[in-house]
Amino acid sequence: PSFRLLFLELDVPKADLTIKATGKQWYWSYAYPDNGKFEFDSLMAQDKQPRLLGVDNEMVVPVNKVIRVQVTGADVIHAFAMPAFGVKIDAIPGRLNETWFKATKTGMFYGQCSELCGKDHAFMPIAIRVVNDQEFASWVESAKKKYASGGTSTFASAAGPTQ
Ligand SMILES: [Cu+2]
């Protein structure tokens, strides 16, 4: 019986929104191709709770929408895992994998890299903030400006949590 569910899980429904998540040593970058193509880096924040899960820039998505996540890696293999949504998929350099989720309530949801990827494997969390439609629209407007120059500096992560 599980085959039916496994099949349905891999069958991506018509998406309301696509976000591309790229795993890097040791942080994630999120691109919003449907919302002006801005992209930003999401680095673990040491001054935020929950410990090891908070980031500087969260992936923000609207509630009750089908979010298609394209997942890839930029250097070595990582994996994008978000337990609350039942999502776990490899992030492989040179390959664009696809998964999806639909959050049915607002709030913060956390996941972690799930493929051993080097020194700071444990320190590249995934933080998703689910908001209502208006909040999402206003976040997009500010994000377009804030991230207009593309990804933010990546060097902050090089020193990592051992800094
Ligand atoms: Cu990783």
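Order of appearance sets the numbers: ligands from 1, and atoms from 1 within every ligand. Both backbone and side-chain heavy atoms feed into the values below; hydrogens, waters and symmetry mates do not. Computed from a predicted structure; not experimentally measured.
Here D133 pairs with K65 in a salt bridge; the nearest charged N to carboxylate O distance falls below 4.0 Å.
Ring centroids of W28 and F80 are separated by less than 6.0 Å, placing the two rings close together.
Distances from the Cu ion (ligand 1) show that H121 has no N/O/S atom below 2.8 Å. With 2.8 Å as the limit, S114 does not count as an N, O or S neighbour of the Cu ion (ligand 1).
Rounded to 10°, the angle formed at the Cu ion (ligand 1) by SG of C117 and SD of M124 is 100°.
Residue-level check: among N/O/S atoms of H78, ND1 sits closest to the Cu ion (ligand 1).
Shown here for P33 and K20, the closest heavy-atom pair between the two residues is CD-N, 4.4 Å.
In this structure, the side chains of M82 and I126 come closer than 4.5 Å at one or more pairs of heavy atoms.
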